[in-house]
Colleague: 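I am attaching a structure below and will ask some questions about it afterwards.
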Amino acid sequence: MAVRKQILEGQIKFLQAVELPTAKGDAAKAIQLLKSKTSDNEKLKHELSRLLERCTLEASQSKSKEMDFKTKLVAFKRQNHLLQKRCDRAPEIKAKAVKRAKSSANKENRTYKLLHKGAYSPQARELARMLVSAGCSREYVSNVIHAVCKSAGVAVQGSMSRRTVSRAILEGGIAAKIQIGHELAQAEAFTASKDGTSNKHVNYDAHHINLKVSSYSDDPDEVPTHCHRFLGIVSSPDQSAEGQAEDLVEQIDDVLKIYNKSPLAKRSGHFMRLVKAISLLKGVNTDHCSKEKKFSNIMKSKVVDAVRELLGETEVLEKSWEEIDILFDKALSGGNTPMMAWWAENDVTPPILLANHDNAAVLNNLDSLDDLTPAEQHALESTTRGGVKAASLAGAIFNHKDDKKGQQDIFKWWFKNAGIPIAFPDTSNNRYGTYCEAAGVLLLYCDKFLEFLEFVRDSKKKHVFTNMEKNLYNALKDPATLTELAVLALYAQAISHPYMRQIRGKNINMLDLAPLHLQVEQHMINVIENPNILVSADATYTTGAMDEKEWEKPDVVNAILKRMPELPHLSNVLVHFTTEFTPSGVIDSATDLQKELAWMPATNDVNEGMLGSLRQFWRFNPRATLHVFNSLAMFQRNNTQPFMNKHFKEDDHKFLMHMGREVDSSRLESKRQAKNVEYTQAKNQKKNDRDTEAAKKKAEKNNRISRIPLIFEKEVIEGLKGQKLQDQLDAFRLAGAPLPALLKDVKVVADKKKTIQNAIEQYENDKWSPIGFEGGETDGFQADNGDEENGEE
DNA sequence: CGAGCTGTGAGGGATAAAAC
DNA sequence: GTTTTATCCCTCACAGCTCG
């Protein structure tokens with residue numbers, strides 16, 4: 001800038017030296033320029049000074065900043081230190097925070113929420129049931145919950161009203177029913193038991209069923225065990241065996257109806273129909289009086305009906321092979337006794353007695369069947385005979401389940417040596433089919449068996465049979481016993497085996513079985529009508545076997561047919577056996593499996609206990625209803641809470657609440673009472689009607705008798721008989737003659753005559769005189785005759 | 001000793017109220 | 001609008017008490 005100024009000043013001087021017109025102008029211009037430059041300079045100067053100023057400022061600022069930074073650094077260092085410290089303490093802080101969070105959460109937990117979404121939770125309902133069954137009044141359930149929670153430092157939200165508690169109890173009962181339904185739906189079998197008592201002139205019956213169920217524990221290894229399930233107490237006015245059987249069926253029906261409606265059933269797909277459930281009933285346990293036995297028989301027939309209904313149904317139901325086997329075996333067992341009966345009925349020498357050791361001692365000294373001592377009578381009656389017994393004896397000797405007894409090894413070796421490698425069929429269980437098997441083997445190798453028995457006898461020191469061996473030896477020589485064995489074997493070949501062949505190895509359903517059972521029946525009819533299709537020289541499997549296929553054991557059939565001349569009664573006994581065959585023989589002879597299925601406790605304590613509980617309950621809750629008691633008791637005794645915990649989902653609880661309200665408003669108790677009253681009224685009405693009818697008849701009779709003239713001639717009386725004699729007797733009685741009080745005391749004609757003649761004699765001696773006769777009025781006698789007529793009943 | 005009163009706890013109908 | 005609970009109302013049976 002200084003340079004430029006110098007240039008400019010030089011130029012000005014030059015211009016001032018050169019005076020030129022244009023230069024003057026230029027100079028002026030230059031001066032102007034100079035002036036402007038000067039102002040520029042001023043500006044620059046200003047600028048500079050400003051810059052300088054700023055520099056100083058900035059310098060001073062930066063200096064202060066530096067100071068700042070220094071202080072800041074110190075501060076940061078301090079902070080860093082602090083942070084480091086804080087960092088070190090972080091876990092501690094964290095723990096503290098967690099603790100705080102926990103405590104605040106606890107504070108929230110300290111309020112126990114009974115209500116969820118406006119309804120009491122399942123847990124709250126469980127609590128209510130628990131308290132009530134522990135004896136808490138419904139009214140105070142809420143108070144107790146609050147009090148207990150308060151002492152534990154927990155506040156409670158919501159307070160259950162008495163009505164709600166009541167409903168929770170009803171819901172417990174419904175849950176118990178769902179549970180029983182669920183268990184029944186999965187059961188293979190169950191048994192029932194009952195006991196009754198009366199309370200204030202009303203009859204109460206407690207029912208239990210017994211079945212194999214899970215205990216609903218969390219243990220995964222637990223196996224189902226046999227348990228009681230309380231079905232509830234019913235008060236049925238109808239105390240007949242039929243009515244009581246109906247009660248039991250109704251209870252099961254009720255349980256199944258509720259179960260089938262439940263979400264649990266829908267979810268698990270286990271539906272159960274009543275007829276199916278009844279068909280699973282394997283036994284009834286009651287007291288041993290005659291009415292209870294009748295009850296048990298009725299239940300049995302209900303089971304048979306149910307099984308029949310299922311057999312004939314068009315619904316596809318899988319049934320295990322074993323079950324069919326059992327059914328069929330049971331059916332067979334019905335035939336044995338009738339076969340025995342045939343010999344007696346037709347006066348033919350029956351199979352010889354196969355007395356056991358004790359009875360044998362008694363019967364050995366027997367000369368004739370007349371004049372039996374009671375001991376001999378008992379020995380005779382308890383001694384069995386016939387094909388089944390012979391087969392079972394053979395089984396006991398040749399294939400005893402206890403290997404130490406019997407001759408099983410020697411038997412096998414001896415027969416193997418004789419060129420017949422067989423093992424004797426196992427008859428030690430109760431399966432009837434095995435007796436048929438054994439019968440076949442015995443017949444086929446009859447001579448060999450005799451030979452073997454002799455071998456056994458002779459190989460002993462004293463060369464004597466044991467009692468069993470002797471019995472079998474004799475039986476195998478006895479035509480009647482052989483006849484029975486032949487019947488059993490033939491039956492198996494003609495019907496049992498073909499039947500089994502059709503079923504075995506197939507995926508059986510009942511639809512397929514219905515025609516098969518018809519076929520069995522038809523073939524049986526064929527045999528009955530013409531036994532020759534089975535027992536004649538030209539009988540073959542085409543006519544004899546039900547399925548017209550080759551015999552299962554052709555040798556056996558041939559052996560029997562060969563023996564026919566020795567067995568003259570074979571076809572008769574066969575027909576008789578087949579006729580008596582009942583396809584519905586039930587629970588009598590049980591196999592181990594059946595026994596397992598038909599598990600029953602030895603005593604009836606559970607039912608008696610429940611009835612006792614009811615009385616106790618009513619002492620303290622006089623207005624309680626029967627269904628409330630049942631709900632509480634079923635829930636408690638049947639282990640229902642664990643069941644609910646294991647199986648119930650939200651919709652199940654909803655279902656419970658829904659059903660609970662339904663039950664709550666269904667007036668069960670008043671219905672129960674009304675039913676009772678109505679039944680009694682109807683019964684009274686019937687009785688009254690009967691009485692009226694009887695009175696009417698009595699009046700009519702008296703009216704007629706009163707018109708009959710009394711005959712006071714002994715000879716005429718002597719000549720009377722029948723109705724006329726009876727009329728005279730009645731007339732004398734009506735006339736007040738001294739006769740025996742009861743009509744049944746005078747029944748025989750001779751007595752009647754004598755009685756009347758006695759009366760005439762007394763009349764002649766003026767001991768009495770007839771009242772009301774000739775006048776024909778009857779009114780006066782009605783009362784007098786009341787007693788006599790009652791005696792007649 | 002028994003009639004009558006009282007308290008308790010029950011059943012259950014009707015309906016309002018709350019929650020969804 | 002439906003579901004669930006709460007409340008009010010009445011009824012009943014029994015035990016235990018009082019009192020004549």
Colleague: Between the opening five pairs and the closing five pairs of the helix from B:dC1-C:dG20 to B:dC20-C:dG1, how far apart are the helix axes, to 10°?
Modeller: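 Both end axes considered, the difference amounts to 20°.
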Colleague: Output all residues satisfying side chain to side chain contact (heavy atoms under 4.5 Å, CB included) with A:Ala624, sequence neighbours left out; order by chain, then residue number.
Modeller: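 Side chain to side chain contact (heavy atoms under 4.5 Å, CB included) check on A:Ala624 returns A:Phe617, A:Trp618, A:Asn621.
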Colleague: Considering residues at least two apart in sequence or located in another chain, which fulfil the side chain to side chain contact (heavy atoms under 4.5 Å, CB included) criterion with A:Gln636?
Modeller: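 In terms of side chain to side chain contact (heavy atoms under 4.5 Å, CB included), with neighbours along the sequence ignored, A:Gln636 is linked to A:Ser133.
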Colleague: Show every salt bridge (Lys or Arg N to Asp or Glu O under 4.0 Å) that has at least one partner inside residues 156-165 of chain A, sequence neighbours left out.
Modeller: A:Glu139-A:Arg162, A:Arg163-A:Asp664
Colleague: How would you list, by chain and number, every residue that makes a side chain to side chain donor-acceptor pair (under 3.5 Å) with A:Ser279, sequence neighbours excluded?
Modeller: none
Colleague: Just jot down the side chain to side chain donor-acceptor pair (under 3.5 Å) partners of A:Ser235, sequence neighbours excluded, or say none.
Modeller: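 For A:Ser235, the residues satisfying side chain to side chain donor-acceptor pair (under 3.5 Å) (neighbours in sequence not counted) are A:Arg672.
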Colleague: Between A:Asp652 and A:Arg267 (salt bridge meaning N to carboxylate O under 4.0 Å), is one present in this structure?
Modeller: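 Salt bridge: yes.
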Colleague: Using a 4.0 Å cut-off on protein heavy atoms (strictly under), produce a 5'-to-3' string for nucleotides 7-20 of chain B with B for base contact, S for backbone-only sugar-phosphate contact, and - for none.
Modeller: --BBBBB-----SS
Colleague: Can you sort out the partners of A:Lys261 under side chain to side chain contact (heavy atoms under 4.5 Å, CB included), two or more places apart, ordered by chain and number?
Modeller: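 Partners of A:Lys261 by the side chain to side chain contact (heavy atoms under 4.5 Å, CB included) criterion, ordered by chain and then number, come out as A:Phe655, A:Met659, A:Glu662.
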Colleague: Just the endpoints, please: which first and last nucleotides of DNA chain C, 5' to 3', lie under 4.0 Å from a heavy atom of chain A?
Modeller: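 Nucleotide range in contact with chain A: C:dT4 to C:dC14.
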Colleague: Run the side chain to side chain donor-acceptor pair (under 3.5 Å) test against A:Lys257 and tell me which residues pass, sequence neighbours left out.
Modeller: A:Asp253
Colleague: Please name all residues satisfying side chain to side chain donor-acceptor pair (under 3.5 Å) with A:Glu242, sequence neighbours left out, ordered by chain then number.
Modeller: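 Listed in chain order: A:Lys294.
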Colleague: Name the atoms and distances for all side-chain donor-acceptor pairs under 3.5 Å in residues 168-187 of chain A, with sequence neighbours left out.
Modeller:
| from | atom 1 | to | atom 2 | distance (Å) |
| --- | --- | --- | --- | --- |
| A:Glu171 | OE1 | A:Arg125 | NE | 2.6 |
| A:Glu171 | OE2 | A:Arg125 | NH2 | 3.0 |
| A:Lys177 | NZ | A:Asp254 | OD2 | 2.7 |
| A:Gln179 | OE1 | A:Thr640 | OG1 | 2.7 |
| A:Gln179 | NE2 | A:Glu183 | OE2 | 3.2 |
| A:Gln179 | NE2 | A:Asn638 | O | 2.8 |
| A:His182 | ND1 | A:Tyr259 | OH | 2.8 |
| A:His182 | NE2 | A:Gln186 | OE1 | 3.3 |
| A:Glu183 | OE1 | A:Arg229 | NE | 2.8 |
| A:Glu183 | OE2 | A:Tyr216 | OH | 2.7 |
| A:Glu183 | OE2 | A:Arg229 | NE | 3.3 |
| A:Glu183 | OE2 | A:Arg229 | NH2 | 3.1 |

